[in-house]
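What follows is a set of notes on a single structure, which appears directly below.
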Amino acid sequence: MFAGSQSSVGQWQFSPRSRVYKSKISLCALRLVAQVCPALLAGEADKEKRKNEEPKKISREEWRKQKELEEARKLGNAPAEVDEEGKDINPHIPQYISTVPWYVDPTQRASLKHQRVQDEKIKEFSKIDEWYKRGISDKPIATKYRKGACENCGAMTHKKKDCLERPRKIGARFTGTNIAPDEHVQPDIKLDFAGKRDRWNGYNPDQHQEVIEDYAKIEVAKQTVKAQKLQEELLSGKMSNADDNNESDGDEDKYADGADMPGTNFDTKRRITVRNLRIREDTAKYLRNLNPNSAYYDPKTRSMRENPYAGTGKSLTELDFAGDNFVRHSGDTGEMAKMQMFAWEAEDKGVDVHLQADPTRLEMLQKSFDVRKEGFKNSQRDSILAKYGGIEHLDAPPKELLLAQTEDYVEYSRQGNVIKGQEKAKTKSKYVEDAYINNHTSVWGSYWKEGKWGYACCHSFIKHSYCTGDAGKEIHSEHMTLPAPSKKESKLQKLEEKHSAWTKALGIGEEKDVEPSKAVNEDGSDEESSPDEEDLPKSLLQQHREKLEEERKENKRRRKREKKKKRKKNRKKRRSSSSSSDSDSASDSDEPAEKKNRKKIIKEVKKEKKISEKKLQEALRKERERVNKVDKLMTMDERKRPYNSMMEIAEPSKEEMEAYYLKQKNTDDPMRDFLK
């Protein structure tokens with residue numbers, strides 16, 4: 001509230017105190033405006049900038065031109081788009097790859113820079129010559145304690161708790177003497193995968209110079225010793241030409257190892273020179289035959305193994321080059337190869353001999369060696385024959401004659417069958433052959449049928465059984481050839497069995513008054529069946545219908561007989577009361593007994609029928625449960641299925657088999673998919 005008073009005119013008159021408040025309020029308002037206005041201005045500027053940076057909505061015409069330009073760039077008719085680094089952008093790159101995301105560049109212009117590895121993500125590893133510093137620093141050792149140094153030894157590179165020197169009784173901080181030198185400040189080395197596993201990490205190549213210097217000193221010592229020896233021999237006059245040759249041979253190895261002759265490779269062990277480069281005057285192998293289908297030239301090994309002149313009609317003796325695999329066997333080539341092998345073997349044994357340097361001496365050595373070798377073999381053979389005998393076996397003809405030629409003549413057909421002569425006997429094994437047990441003529445497993453193995457001689461499926469021969473085959477064939485009853489026949493058989501049980505229970509069918517060759521009509525007349533009808537086989541259904549018809553007729557005849565009996569009884573009753581009373585009592589006593597037996601049998605049959613139906617319903621219920629359980633187990637994971645080792649295995653009953661057959665689908669039935 002501002003302090004003041006209102007005059008009679010209606011105007012406010014402020015006191016000096018109110019003026020102070022007014023000035024303070026104006027100052028606060030100015031400060032608030034000064035703080036808020038720049039923020040508002042900056043926000044407006046950001047909005048304007050963001051608005052300008054946002055991609056503008058292009059028109060349909062511009063979009064069509066843009067697509068045409070893209071197609072022209074893809075066809076190569078227009079220059080490719082360039083990114084900010086000046087690199088061309090492949091026009092076949094999809095737009096979602098070349099377009100920069102909005103959070104990287106709001107303009108979203110085409111570029112591939114965001115797809116490359118960014119500089120801040122590139123890992124920098126240490127170079128191959130960077131390693132930890134060893135030894136003591138080259139800086140001068142301090143003479144007095146420095147502030148911040150180790151209190152124990154006085155070094156500046158660590159503190160007292162990290163000091164590895166023996167703890168002093170009075171530290172360098174207090175004594176100021178015997179200051180330890182500063183250690184190296186070790187660099188932070190970052191190694192890559194190969195650098196961490198490099199066994200030469202930190203190796204200084206300058207260290208190998210010491211090894212070279214040691215060898216150089218040894219070589220100088222050898223030369224001085226050799227010079228002294230030569231000087232002594234010259235003074236004594238004992239030096240010979242052979243010694244000169246030996247010395248020259250000793251220097252030859254060193255000279256050949258140090259020589260850099262193009263196209264040669266000197267082997268100091270064999271003292272031979274191997275050419276792996278051709279001389280410029282020689283014809284190159286790939287120029288000998290310019291046909292591209294000729295011998296293959298391997299540029300890596302500079303070898304052409306096949307003959308380049310093959311198929312040109314030139315003989316091998318005329319050619320100066322017939323391929324690297326060609327070895328000349330004519331003339332003394334084989335002997336030269338043997339002499340070279342002998343020279344190498346002799347050199348390994350310590351004999352100094354060379355084929356090119358001294359061929360005559362090598363040939364004489366080889367001849368003397370062959371003579372001594374042959375004599376040693378003969379003496380060894382004679383000593384063995386003298387000790388053990390058997391010289392008569394050495395006079396046998398050669399193996400070529402013994403094994404390749406005989407007096408037996410055998411002629412074969414094109415199929416390999418013997419036409420003329422005796423066939424070569426088969427070699428027998430060490431095991432017993434053609435030995436059968438229990439009078440069998442074949443082995444177990446020579447016969448197979450319906451998933452069972454057996455003997456082919458008697459068709460028996462029991463192992464180690466006695467052979468029954470052809471009789472066993474006939475028995476098995478009879479059992480096997482019985483046709484399996486179909487479902488319709490099995491149902492008719494069951495109906496027939498049930499019907500026969502009912503007729504037996506009712507006492508029907510015991511009378512055999514009617515002959516099978518006669519048929520009785522409803523009126524009682526008999527008609528003989530024709531011989532053609534008797535010969536024709538009847539089906540089970542026809543037989544069942546005939547039986548039902550016969551039973552119906554038999555019941556009709558029985559009722560007629562009963563009526564006749566009743567009439568006779570009534571007549572007797574009328575004639576004599578005494579005789580009728582006796583006969584009535586006897587008949588009354590007999591008739592109820594027959595009726596009771598029939599009723600009892602009918603009740604038992606009905607009871608058995610109900611029990612069998614009840615058992616069948618129970619078996620059907622169990623079968624449904626079993627099928628549901630199997631379906632449930634098949635849908636489960638194999639690892640979660642329970643074990644079935646405790647399941648009882650027993651022979652199924654008739655009701656269980658009936659339920660199984662009722663529930664089983666017939667694959668041949670076209671309506672099987674509609675049954676539930």
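Side-chain atoms are counted along with the backbone in the values below, which use heavy atoms only and exclude waters and symmetry mates.
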Discussion item. Go through it in stages, so that I can follow the logic: the residues are Y309 and E318, the test is side chain to side chain contact (heavy atoms under 4.5 Å, CB included), and I'd like the CA-CA distance, side-chain angles, deciding distance and then a yes or no.
Written reply: CA-CA 11 Å; Y309 300 104; E318 299 175 4; over 6 Å; no

Worksheet item: With a cut-off of 6.0 Å (strictly less than), are more than 12 heavy atoms of other residues, nucleotides or ligands near CD1 of I93?
Response: yes

Worksheet entry | Flag if over 12 foreign heavy atoms under 6.0 Å of CD, E124 | no

Discussion item. For a side chain to side chain contact (heavy atoms under 4.5 Å, CB included) check, start with the C-alpha distance between M634 and K629, then their side-chain angles and the critical distance, and finish with the verdict.
Written reply: CA-CA 9 Å; M634 292 305 291; K629 187 177 179 182; over 6 Å; no

Discussion item. Other residues, nucleotides and ligands only: do more than 12 of their heavy atoms fall within 6.0 Å of CD on E120?
Written reply: yes

Worksheet item: Does atom CG of L75 have more than 12 heavy-atom neighbours from other groups under 6.0 Å away?
Response: yes

Worksheet item: Any Lys/Arg nitrogen of E81 or R73 sitting under 4.0 Å from an Asp/Glu carboxylate oxygen of the other?
Response: yes

Fill in: Pi-cation contact, F193 with R197 (under 6.0 Å, within 45°)
yes

Worksheet item: Taking the side chain from S111 and the backbone from K113, do they hold a donor-acceptor pair closer than 3.5 Å?
Response: yes

Worksheet item: In this structure, which one of K285, K314, R288 forms a salt bridge (Lys or Arg N to Asp or Glu O under 4.0 Å) with D320?
Response: R288

Practice prompt. Please check if the side chain of D83 supplies one atom and the backbone of G86 the other of a donor-acceptor pair under 3.5 Å.
Written response: yes

Item to complete: Evaluate the side chain to side chain contact (heavy atoms under 4.5 Å, CB included) criterion for residues L112 and N90: first the C-alpha distance (whole Å), next the side-chain angles of each, then the deciding distance (0.1 Å), finally the verdict.
Response: CA-CA 10 Å; L112 294 176; N90 192 340; over 6 Å; no

Worksheet entry | Distance (rounded to the nearest 0.5 Å) between Y215 OH and E219 CD | 11.0 Å

Worksheet item: Heavy-atom count around Q95 CD within 6.0 Å, excluding the residue itself: above 12?
Response: no

Fill in: side chain to side chain contact (heavy atoms under 4.5 Å, CB included) partners for I179, two or more places apart
A142, R146, A172

Discussion item. Please give me the minimum heavy-atom distance between C153 and H158, naming the atom from each residue.
Written reply: SG-NE2, 3.3 Å

Worksheet item: Measuring from M339:CE to L362:CG, what's the distance to the nearest 0.5 Å?
Response: 4.5 Å

Fill in: Heavy-atom closest contact (P181 atom, I141 atom, distance)
CB-CG1, 3.9 Å

Discussion item. Rounded at 0.5 Å granularity, tell me how far CD1 in I128 sits from CG in D198.
Written reply: 6.5 Å

Worksheet item: For the residue pair R361 and D352, what are the closest heavy atoms and their distance?
Response: NH1-O, 3.1 Å

Worksheet item: Does CZ in R166 sit with more than 12 non-hydrogen atoms of other residues, nucleotides or ligands closer than 6.0 Å?
Response: no

Worksheet item: Hey, are E71 and K67 close enough for a salt bridge, meaning a charged N less than 4.0 Å from a carboxylate O?
Response: no

Item to complete: Specify the closest pair of heavy atoms between N289 and P308, including all atoms of both residues, with the distance to one decimal.
Response: ND2-O, 2.6 Å

Item to complete: Identify the heavy atoms of R116 and E85 that sit nearest to each other, and give their distance.
Response: NH1-OE1, 3.8 Å

Fill in: Side chain D324, main chain M304, donor-acceptor under 3.5 Å
yes

Worksheet item: So, D88 side chain and V82 main chain: donor-acceptor pair closer than 3.5 Å or not?
Response: no

Discussion item. Has S294 got a side-chain atom pairing as donor or acceptor with N291's backbone, closer than 3.5 angstrom?
Written reply: yes

Worksheet entry | Any C150 side-chain heavy atom under 4.5 Å of K159 side chain | no

Fill in: Separation of L235 CG from L230 CG (nearest 0.5 Å)
11.0 Å

Practice prompt. Return the set of residues passing side chain to side chain contact (heavy atoms under 4.5 Å, CB included) with P292 (not counting sequence neighbours), or none when no residue passes.
Written response: none

Discussion item. Keeping D358 on the side-chain end and H354 on the backbone end, is there a donor-acceptor pair under 3.5 Å?
Written reply: no

Worksheet entry | Contacts of E183 that satisfy salt bridge (charged side-chain N to carboxylate O under 4.0 Å, His left out) - sequence neighbours left out | none

Discussion item. Between R302 and Y297, is the side chain to side chain contact (heavy atoms under 4.5 Å, CB included) condition met? List the steps.
Written reply: CA-CA 7 Å; R302 298 187 182 91; Y297 174 74; 3.8 Å; yes

Discussion item. Less than 4.5 Å apart, side chain to side chain, heavy atoms only: is that true for F342 and V353?
Written reply: no

Discussion item. So, taking the atom named OG in S303 and the one named CG in D298, what distance separates them when rounded to the nearest 0.5 Å?
Written reply: 4.5 Å

Worksheet entry | Contact summary for C163 and N152, nearest pair of heavy atoms | SG-ND2, 3.5 Å

Worksheet item: Does E306 reach the main-chain N or O of N325 with its side chain, forming a donor-acceptor pair under 3.5 Å?
Response: no

Discussion item. I'd like to know if R639 and D637 make a salt bridge, using a cut-off of under 4.0 Å between side-chain N and carboxylate O.
Written reply: yes

Discussion item. Is the shortest side-chain heavy-atom distance between T143 and T177 below 4.5 Å?
Written reply: no

Fill in: Charged N-O contact under 4.0 Å between E165 and R168
yes

Fill in: CG (L287) with more than 12 external heavy atoms under 6.0 Å
yes

Discussion item. Tell me whether H184 contacts the main-chain N or O of Y132 through its side chain, where contact means a donor paired with an acceptor under 3.5 Å.
Written reply: no

Worksheet item: Could you walk me through whether E68 and R64 pass the salt bridge (Lys or Arg N to Asp or Glu O under 4.0 Å) check?
Response: CA-CA 6 Å; E68 288 178 358; R64 186 179 61 78; 2.6 Å; yes

Discussion item. I need the Q366 CD to M341 CE distance, nearest 0.5 Å.
Written reply: 11.0 Å

Discussion item. I'd like to check Q340 versus Q356 (side-chain heavy atoms, cut-off strictly below 4.5 Å). Are they in contact?
Written reply: yes

Practice prompt. Taking atom OH of Y145 as the centre, report whether more than 12 heavy atoms of other residues, nucleotides or ligands fall under 6.0 Å from it.
Written response: yes

Item to complete: Measure from the side-chain N and O atoms of D192 to the backbone N and O of G195, and report whether any donor-acceptor pair falls under 3.5 Å.
Response: yes

Item to complete: Give a yes or no on whether the backbone of K133 and the side-chain of Q186 come within a donor-acceptor separation of less than 3.5 Å.
Response: yes

